[in-house]
Enquirer: 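Once you've had a glance at the structure underneath, I'll fire off some questions.
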Amino acid sequence: MSKAVHAARRLILGRALRSEHLGDQLLSKRLALPIFASDPLSSVAYATQEILLVLSLGGLAYLYLTPYLGAAVVVLLAVVVLSYRQVVFAYPSGGGSYEVANRNLGPSAGLTVAAALLVDYVMTVAVSVAAGVDNLISALPSLNPHRVELAVGFVILLTAMNLRGVRESGKTFAVPTYGFIGGVLVLIVTGLIRVILGDAPVAESATYSITPEHSGITGLALVFFALRAFSSGCTALTGVEAISNGVPAFRKPKSTNAAKTLVAMGATAIVMFAGITALAIISKVRIAEHTCDLVGFTGNCQSDPQRTVIAQIAAAVFGGTTNVGFFYIQAATVLILILAANTAYNGFPLLASILARDRYLPRQLNTRGDRLAFSNGIVLLALAAGILIVIFDASVTHLIQLYILGVFTSFTLSQAGMVRHWNRLLRAEPDRAERHRIRLRRTVNGIGCALTGLVLIIVTATKFTQGAYLVVIAMPILFVMMKAIRRHYDRVAAALVLDEDSFDLPSQVHAIVLISQLHKPAARALAYARATRPSTLEAVTVQSDDTARLQKEWSRHDLPVPLKVLASPYREVTRPIINYVKTIRRDNPREVITIYIPEYVVGHWWEHLLHNQSALRLKGRLLYTPGVMVTSVPWLLDSAEHVKYPTARAAPGDIRRGALPAKTPAANNRR
């Protein structure tokens, strides 16, 4: 790695942390709240808006349903928070819904939950960032043409911040999160005080009417219509499970601190969602999926964006779009929505690491990076979310249709798993008082399972044709992929199990040094091969125009190793060598063949194009030949001798202990 690349890496990620500093990265409740709860807290900025957008499809006639649907969302949120509070205590090792479903309902249910959560975390990043950009545009409409670029830029920024580690990202996100909470509470209190004083706030869109896309909805159609609006409002529940996934990241006592953070998050989210919904109703906010459906909209409905619901409320409560209160709410909303993706940036890598530990995902996802974060999972999440943002033009209206299906799949299976968990404990518990407590806990999870299962059916039915079918397709694909990865790892593990022949010595070692011309790298490879004292040693070359000169050089130096020339009528190099090696293996199946390949080590990227290509191709073919060992004998060219890799500052005795190299690369060539 060049100095420039290393310097850039350190600038973006910060100084690498030692593994023993992992405990220093554990979170207090104060820092855990903005890290794990920013998603459900921020969703209050658009959950009410999503209800109104659906109801507005019927014009103004069905907006009377808003308070009832909002109340239903509040009840559901409270039940889910109480249910996951029990998950935190029952399964403190992390993994949340996946762990619960896997242990109580079986691996298939666990993988279903895992697939649902992985999809949902990706959607959380895409939707939160797109919603944040929406609110930024509400304050600065001139940015509308750059919507996608802004969203992708925010994803890159979040990725860099999370790669620096959880504590640093938590400190960075704490101020905006608490600033948003404080701003929204001030907004709600101010608005309600104005209502009490008889000066109710009025939204800028209060005089608009809406051209209905559907009219005369009655009976079952009305029920379906209301359920569709309710399912959109359930976006307020996204991210609730993140705390149960991240219990290991809390300071001790982990479960207690995680449970308190979860309750604080739930109570705050309920108050803010209820307050914003109430103010939206009081101020008569009007918003439509298609701007041109707003009758009375000032501006060009084809190009000018609507202001979001929370932007209209802030303007109504604080007295216009040019005052400090309005810009504060918009700035805080933009920040919290952008940073809400941080919930996924913590949940996705943690869940991916657990799945990798269980061999359902590549093991690299269970590896911590320089800053002790699961860097590979963070980068994978950013790539997936960025692709979605580009495909859907950073449109919340389009992305939201793919949202929350995965959330309620995991909710439902998790609560069903908890019911079975309590049933198992109940059968083994003799104490009457404890049995009573277990029954109460089972009742909470049973109610949670029934409600979230009902919502899952509603969400699937009402959003399927709106885009949720993509999630329905993606989840089974992920499920099958994880099953295939697990089968691969199981096959590899079975193949690597020691048996009674594992330590048997080969009957002989046949060593072959590949030679193209006689020079210093070839001489080193010959010397190294001779030092290993194989049973048979020979040098092998493929016939070419230079073969005669090579044979003369060989005779002149009187080398004690026979040189074998392989015929190549079609001027190939790889195939004659492979065929020769296979012939030796066929004639002596118990013999091990060791191939020594002299290789140049270069210092510049462009030099790779000039050297080693034939050696790399040959090595790739030999690695797939049974009973063949391939040894690279490196020779550093001048450019490689001057490559300096950053190393830690030497401590007394490091060289003696082997912690630092005793010689430079140049010295290696001189030996």
Side-chain angles (χ1 to χ4, degrees), residues 35-43 80 84 94-99 101 110-132 151 154-155 158-159 161-163 166 169 173 234-249 265 337-356 360-362 365-366 373-389 392 396 399-411 413-414 459 468 470-472 474-475 477-479 481-482:
I35 286 180
F36 288 110
S38 54
D39 181 20
L41 292 177
S42 68
S43 63
V80 170
Y84 271 98
S97 300
Y98 164 71
E99 192 83 7
L111 279 190
T112 302
V113 169
L117 283 174
L118 290 175
V119 171
D120 186 65
Y121 283 136
V122 174
M123 293 306 308
T124 295
V125 176
V127 171
S128 296
V129 169
F154 282 129
V155 169
L158 285 168
T159 303
M161 293 173 70
N162 276 275
L163 287 173
V166 292
S169 63
F173 298 164
C234 287
T235 53
L237 279 76
T238 56
V240 170
E241 80 290 339
I243 290 177
S244 67
N245 291 338
V247 176
M265 177 273 296
L337 283 168
I338 299 299
L339 301 182
N342 195 61
T343 298
Y345 271 100
N346 284 277
F348 183 98
L350 279 171
L351 178 59
S353 73
I354 293 170
L355 289 167
Y360 287 115
L361 286 179
L365 293 172
N366 194 31
F374 294 110
S375 305
N376 294 328
I378 291 172
V379 172
L380 179 61
L381 172 63
L383 288 174
I387 290 170
L388 277 177
I389 287 171
F392 290 93
V396 178
L399 287 168
I400 205 76
Q401 306 304 328
L402 285 69
Y403 209 16
I404 77 171
L405 184 62
V407 176
F408 282 94
T409 300
S410 63
F411 283 173
L413 289 176
S414 172
V459 169
L470 294 173
V471 177
V472 175
M475 285 168 51
I477 290 175
L478 271 175
F479 179 92
M481 182 192 73
M482 288 189 287

Enquirer: Quick one: OH on Y84 to CD1 on I243, what's the gap to the nearest 0.5 Å?
Expert: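 These two atoms lie 12.0 Å from each other.
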Enquirer: To check you understand the geometry: which heavy-atom pair defines the closest contact between L158 and V129, and what is its length?
Expert: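 Taking L158 first and V129 second, the nearest heavy atoms are CD1-CG2, 4.2 Å.
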Enquirer: In Å and rounded to the nearest 0.5 Å, what is the CG to OG distance from L365 to S353?
Expert: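 One finds 8.5 Å between CG of L365 and OG of S353.
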Enquirer: When rounded to the nearest 0.5 angstrom, what is the spacing between CG in D120 and CG in L351?
Expert: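 Answer rounded to 0.5 Å: 11.0 Å.
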Enquirer: Measure the spacing between CE of M123 and OG1 of T235 and express it to the nearest 0.5 Å.
Expert: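 The CE atom of M123 sits 11.5 Å away from the OG1 atom of T235.
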Enquirer: Can you tell me which residue among L117, V407, T409 is in a side chain to side chain contact (heavy atoms under 4.5 Å, CB included) with S97?
Expert: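 Answer to the side chain to side chain contact (heavy atoms under 4.5 Å, CB included) test with S97 among L117, V407, T409: L117.
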Enquirer: To the closest 0.5 Å, what do you measure between CG (L380) and OH (Y121)?
Expert: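 Atom-to-atom, L380:CG and Y121:OH are 14.0 Å apart.
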Enquirer: Check the pair F348, T124 against side chain to side chain contact (heavy atoms under 4.5 Å, CB included), reporting the backbone distance first and the verdict last.
Expert: CA-CA 10 Å; F348 183 98; T124 295; over 6 Å; no
Enquirer: Of the non-hydrogen atoms in A126 and L388, which two are nearest, and what is the gap between them?
Expert: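 It is CB-CB, 4.4 Å.
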Enquirer: As an exercise, state the distance from CD1 of I389 to CZ of F154, rounded to the nearest 0.5 Å.
Expert: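 CZ of F154 is found 10.5 Å from CD1 of I389.
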Enquirer: Could you give me the CA-CA distance, side-chain angles and deciding distance for L111 and L478, then say whether side chain to side chain contact (heavy atoms under 4.5 Å, CB included) is met?
Expert: CA-CA 9 Å; L111 279 190; L478 271 175; over 6 Å; no
Enquirer: Is the shortest heavy-atom distance from the side chain of V155 to the side chain of Y345 under 4.5 Å?
Expert: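 A side-chain contact exists here, since the closest heavy-atom pair is under 4.5 Å.
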Enquirer: Check the pair E99 / V113 against side chain to side chain contact (heavy atoms under 4.5 Å, CB included), numbers first and verdict last.
Expert: CA-CA 9 Å; E99 192 83 7; V113 169; over 6 Å; no
Enquirer: For I354 and Y360, what are the C-alpha separation, side-chain angles and deciding distance, and is it a side chain to side chain contact (heavy atoms under 4.5 Å, CB included)?
Expert: CA-CA 9 Å; I354 293 170; Y360 287 115; over 6 Å; no
Enquirer: Any idea which heavy atoms bring A344 and P349 closest together, and the distance?
Expert: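 Closest pair (atom of A344, atom of P349, distance): O-CD, 3.5 Å.
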Enquirer: Using a 4.5 Å cut-off on heavy atoms from C-beta on, say whether the side chain of L355 contacts that of L118.
Expert: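 The answer is yes; the side chains approach within 4.5 Å.
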Enquirer: Work out which heavy atom in G406 is nearest to a heavy atom in M475; give both atom names and the distance.
Expert: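 Scanning both residues, the minimum pair turns out to be CA-SD, 4.4 Å.
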Enquirer: Please report the closest heavy-atom contact between I338 and G132, naming both atoms and the distance.
Expert: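 Looking at all heavy atoms of both residues, the shortest contact is CD1-CA, 4.0 Å.
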Enquirer: Side-chain donor-acceptor pair under 3.5 Å between Y98 and S410, yes or no?
Expert: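 Distance-only check fails for Y98 and S410.
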Enquirer: If every non-hydrogen atom of A474 is compared with every non-hydrogen atom of V119, which pair is closest and at what distance?
Expert: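 Shortest heavy-atom contact: CB-CG2, 4.4 Å.
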